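Proteins get letters first, then strands, A, B, ... in listed order; numbering begins at 1 in each. Bear in mind that the values here come from a model prediction, so they are computed numbers and not experimental data.
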Amino acid sequence: MTVRVRFAPSPTGFLHIGGVRTALFNYLFAKKNKGTFLLRIEDTDEERSTQASTDAIFEGMQWMNLLWDEGPMPDGTNKGPDAPYYQAIRADQGIYKKYIDQLLAEGKAYKCYCTEEELEANRQKCLAEHRPPKYDGKCAHLTPEQQKELEAQGRKYVIRFRMPQEGDVEWDDLIRGHVKFASKDLYDLVIQKTSGYPTYNFAVVVDDHLMRMTHVIRGDDHISNTPAQIQLYRALGWKEPIFAHLSMIHGPDGKKLSKRHGATNVVEFRNMGYLPEALKNYLALLGWATSDSQQLFAPGELEEKFDIAGCQPSPAVMDPEKLNWMNGEYIRATPLPRLTDLALPFIQKAGINVSGVSREKLEGIISLEQEKYKLLTEIPDLIRFFFEDPVFEQEALDKVFGKPEAKQALELIIDAYGKLTDFTETHLETAARTTAKENGLKAGQIFHPIRVAVSGRTHGPTLFKMLEYMGKDTVLERLKKAVTYCKTPVC
RNA sequence: GUCCCGUUCGUCUAGUGGCCUAGGACGCCGCCCUCUCAAGGCGGAGAUCACGAGUUCGAAUCUCGUACGGGACGCCA
């Protein structure tokens, strides 16, 4: 049996990082088992579903490189034999209606004419009696005459599923193990709204069956929906898929990850300078681990090693520190041409004009601190002084230019570098060391002032390579200017 | 309130009855390397395995209870 799994988001907002993780686990499970990964848009909420949200889902999935084998495509076409993949369209085609009618005909479902007020009154009554809110079955046994009368009054109706009340509903969850619910705690859920649209619980069941899903991997906030869905499968005469309920991602306070914990929208992670591969690697490790706790995975390795049995049932707290470390690891492993491509939008956004520099030189400049970047957003400020006059840090001014020998050191190196014809790394270093030695200065006493003079900072890339990239004119100009910033030694 | 689920270093986790005086990773601290900052190397601190009973020669691992935390109880998905 070929594995078939799906990611089925509802387009009612941006693509949440928790949703991305669910999608990722489905994707990895499909790849690992040489199965099919499908995308389906659950837009049966007519009020909240938007095209913009659907677009955001496509955008996020594509950025994360979680490409689906079957499903709707951004250009409006469909890929796969079970199109359409939008539930709203499927509803319009009468796909769900067919099964609603079947249940109605078999007496497994019924029309319910209760008003919102009646429902609310019942809910309050249940709560007051310390019982779980559960539909009271007021419309469960109406005669055709009563129904006709209510309809004559202009009453709208929903369709409710007649939930079996005997015994237990149980299943073997791939992550939780054996899970059991008492049927009596289940209620007659609405499967079709007054609008004629199916509800979530009904539409998923129908589509997961029609699309031949073998496994349903989703967040554990769906655990309590599962028994009702299993009853629906049975009522329709279908075999239910294998379920796997993933733990949720929590914020540092132990609560479900939400806006107040910081970024939750995948697009924000892109804007913050994360690499999709890094985020993917990090997310995979949130709730899953190999038996040797491997941290970093080469391309394709996750797809190969992922095992749903290694998933943790307990919730995982998202740790930005670790994500940042991992992103740094990925940045270090990124070939320079690609890193430069990735950095370019951030450099432009920061307002740095690099149009006058060759691609080769730009790559060189970026490479100087490649091992330091944790986020792509850090790149602009770390390379800015190559393209603009340095902004002097107060600390640099005090600590380095405050030294009595700083001014002399700069004057000496201006002289030495002025005479240098080959303005390259090794010559620059030799000249600096020689100058220091000849004048009784320690190497550091001359290196540090140079660094501050050209960059405005006490730390940065390896000094002489940096000078080489800046070029003789710029370096001398900056050194001369810096002399005026130095304190004249007072005797 | 009812039901369901969860609980190993601060965080992500390894662990499926003896290899555990509990391993790895992030973060933290120290040392080395070094023109600075990083990166890298080496080392360190950090978990009475939520608690309490029980089963067993032996329990982080099995059973039961307690506590705490989370989730679900919609014509939302």
Item to check | No-H, no-angle donor-acceptor pair, Asn225(A) side chain to A77(B) base, under 3.5 Å | outcome: yes
Checklist entry - Does Glu170(A) pair with Arg176(A) as a salt bridge, N-O distance under 4.0 Å? => result no
Checklist entry - Rounding to a whole Å, what distance do you find between Leu186(A):CG and C73(B):P? => result 13 Å
Checklist entry - Is any side-chain N or O of Arg48(A) closer than 4.0 Å to OP1 or OP2 of A77(B)? => result no
Can you give me the N/O atom pairs linking the protein to nucleotides 18-24 of chain B at distances under 3.5 Å, or say none if there are none?
residue, atom, partner, partner atom, Å
G23(B), N2, Ser293(A), OG, 2.8
G24(B), N2, Gln295(A), NE2, 3.2

Next on the checklist: Distance check needed: U36(B) P versus Lys403(A) NZ, whole Å only.
Outcome noted: 13 Å
Next on the checklist: Does Thr44(A) reach a base, just sugar-phosphate, or nothing at all? Heavy atoms under 4.0 Å.
Outcome noted: sugar-phosphate
Checklist entry - Ignoring hydrogens and angles, does a donor from either the side chain of Thr462(A) or the base of C35(B) sit under 3.5 Å from an acceptor on the other? => result yes
Checklist entry - Parallel under 30°, tilted from 30 to 60°, perpendicular over 60°: which one fits the rings of Phe401(A) and Phe392(A)? => result tilted
Checklist outcome for this item: Of C4(B), U36(B), U7(B), the nucleotide closest to the side chain of Pro313(A) is U7(B)
Next on the checklist: Counting only heavy atoms and a strict 4.0 angstrom limit, can you tell me which residues of residues 323-332 of chain A come near RNA chain B?
Outcome noted: Trp325(A), Glu329(A), Arg332(A)
Checklist entry - Taking atom P in both U61(B) and U56(B), what distance in whole Å separates the two? => result 16 Å
Next on the checklist: Main chain of Ala298(A), side chain of Glu301(A): is a donor-acceptor contact present, judged purely on distance under 3.5 Å?
Outcome noted: yes
Item to check | Check: Leu441(A) and Leu412(A) side chains under 4.5 Å, non-hydrogen atoms | outcome: yes
Checklist entry - Should the pair Lys280(A)-Glu277(A) be classified as a salt bridge under the 4.0 Å nitrogen-to-oxygen rule? => result no
